[in-house]
Amino acid sequence: VVLALLGLLAGCASLGHREDAVTLFSRALAVDTAEASAEDLVRAALDYARAAELGHPGAANNLGLLFHAGRGVAQDHEEARRWFDRAVAAGFAGAGVNLGVMAFYGQGGPRDLDRARDLLTTAAKVGDVRAVTLLGSWSYEGAGGSGIDRATAARWYTVAAERGVVVAQHRLGRMLLAGDGVEADPVEGVRWLRAAAEAGDVAAQRELARCLQRGDGGTADPEGARAW
């Protein structure tokens, strides 16, 4: 499949750049959906590849995603990693998360925890919520080669929670209630649990009900507890 892509790219190059990278990327994105047919995905892969060759970092990232999942092309983690690397070099933060996760698990190349952490940290600094949430989880669980650091986890979870990431809201709420890595603050803990519960997190709903029943962070509210 890779050879076929390269062959078609060479053929397109001989016709000149009749379509710009943005047009190619937009066309590929329009058909790259969960309901896309196999033919649509092949066309999307070709357009992403052409756009990437013209310097579009988002196209390089999305082509990497197709290779990673085997959608429209044969699954090839080495090729996925190459396209993610190319997108990262062009400044596409989301590709750094994808490449970082592959480096963490050793997909398509050697496992490299230092690079995984560096890639996610770079992406987090420009506001990528996936990177922020993963760094919070890695710090909390001691993954990523840096050991358990609950205080750092709380800082990352706070950023993600404020950006609306439900799993971060739930975990931050639990940490604040328990004083786990942070000074205990039941009022704030219940506030974040409520945010996660209202977003549909079933576990947060159960925990919020128990908090309201006990009166954590305020006066007990048995009626409110029953509502959850």
Side-chain angles (χ1 to χ4, degrees), residues 1-112 115-116 118-135 160 163-167 199-200:
V1 175
V2 176
L3 291 176
L5 275 173
L6 293 175
L8 284 170
L9 281 171
C12 291
S14 68
L15 297 176
H17 296 159
R18 294 180 180 176
E19 294 177 292
D20 61 70
V22 173
T23 298
L24 290 163
F25 176 73
S26 298
R27 188 168 68 197
L29 198 61
V31 298
D32 182 9
T33 66
E35 298 78 25
S37 67
E39 290 182 358
D40 282 342
L41 288 173
V42 170
R43 285 195 294 270
L46 290 171
D47 280 341
Y48 281 145
R50 292 171 65 195
E53 290 296 337
L54 292 173
H56 196 295
N61 176 71
N62 287 11
L63 185 57
L65 290 172
L66 293 184
F67 273 111
H68 187 269
R71 298 176 69 244
V73 292
Q75 188 176 54
D76 187 333
H77 284 168
E78 288 186 21
E79 194 69 9
R81 201 160 171 162
R82 185 174 76 85
W83 286 108
F84 289 147
D85 214 350
R86 189 162 170 170
V88 168
F92 193 84
V97 182
N98 297 329
L99 186 58
V101 171
M102 294 193 76
F104 177 80
Y105 288 109
Q107 294 180 325
R111 192 177 193 209
D112 188 338
R115 190 176 188 215
D118 288 347
L119 285 163
L120 263 67
T121 301
T122 298
K125 287 178 178 177
V126 296
D128 189 290
V129 293
R130 289 187 305 151
V132 171
T133 306
L134 278 170
L135 285 168
R163 296 286 299 277
V165 178
V166 176
V167 66

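Positions are given from 1 along the sequence.
Side-chain contact check for Glu79 and His68: no donor-acceptor pair (N or O, by modelled atom type) lies under 3.5 Å. In the model, Asn61 has no side-chain atom that pairs as donor or acceptor with a side-chain atom of Arg86 under 3.5 Å. Between the side chains of Asp118 and Thr121, no donor N or O sits under 3.5 Å from an acceptor N or O.
Val97 approaches Ala123 most closely through the heavy-atom pair CG2-CB, 3.8 Å. Heavy atoms only, all atoms of each residue included: Ala45 and Leu63 are closest at O-CD1, 3.7 Å. Here the closest heavy-atom approach between residue Leu54 and residue Asp20 is recorded as CD1-C, 4.2 Å. Heavy atoms only, all atoms of each residue included: Val31 and Ala44 are closest at CG2-CB, 3.8 Å. Of all non-hydrogen atoms in Ala90 and Pro57, the two that sit nearest each other are CB-CB, 3.6 Å. When every heavy atom of Gly58 is checked against every heavy atom of Phe92, the shortest pair comes out as CA-CE1, 3.7 Å.
One distance of note links OG1 of Thr122 with CG of Asp128; it measures 11.0 Å at 0.5 Å rounding. Atom NZ of Lys125 sits about 10.0 Å away from atom CG of Leu135, to the nearest 0.5 Å. To the nearest 0.5 Å, atoms CZ (Phe67) and CG (Asp76) are separated by 6.5 Å. Taking CG of Leu99 as the start and CH2 of Trp83 as the end, the distance is 14.0 Å to the nearest 0.5 Å.
A donor-acceptor pair is defined here as one N or O able to donate and one able to accept, closer than 3.5 Å; no such pair exists between the side chain of Arg115 and the backbone of Gly100. Not one N or O on the side chain of Arg163 forms a donor-acceptor pair closer than 3.5 Å with the backbone of Val129.
Here Asp47 pairs with Arg50 in a salt bridge; the nearest charged N to carboxylate O distance falls below 4.0 Å.
Between Phe25 and Tyr48, the angle of the ring planes lies from 30° to 60°, which puts this pair in the tilted group.
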CA sep, side-chain torsions, deciding dist, call: Leu65, Phe84, side-chain contact (heavy atoms from CB on, under 4.5 Å): CA-CA 8 Å; Leu65 290 172; Phe84 289 147; 3.8 Å; yes
Steps toward salt bridge (Lys or Arg N to Asp or Glu O under 4.0 Å) verdict (Arg81, Glu78): CA-CA 5 Å; Arg81 201 160 171 162; Glu78 288 186 21; over 6 Å; no
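In this structure the side chain of Tyr105 never reaches within 4.5 angstrom of the side chain of Arg111, judged on heavy atoms.
In this view, Ala36 and Thr33, Asp40, Leu41 satisfy the side-chain contact (heavy atoms from CB on, under 4.5 Å) rule, not counting sequence neighbours.
The only option from Arg71, Arg43, Arg27 that meets the salt bridge (Lys or Arg N to Asp or Glu O under 4.0 Å) definition with Asp32 turns out to be Arg71.
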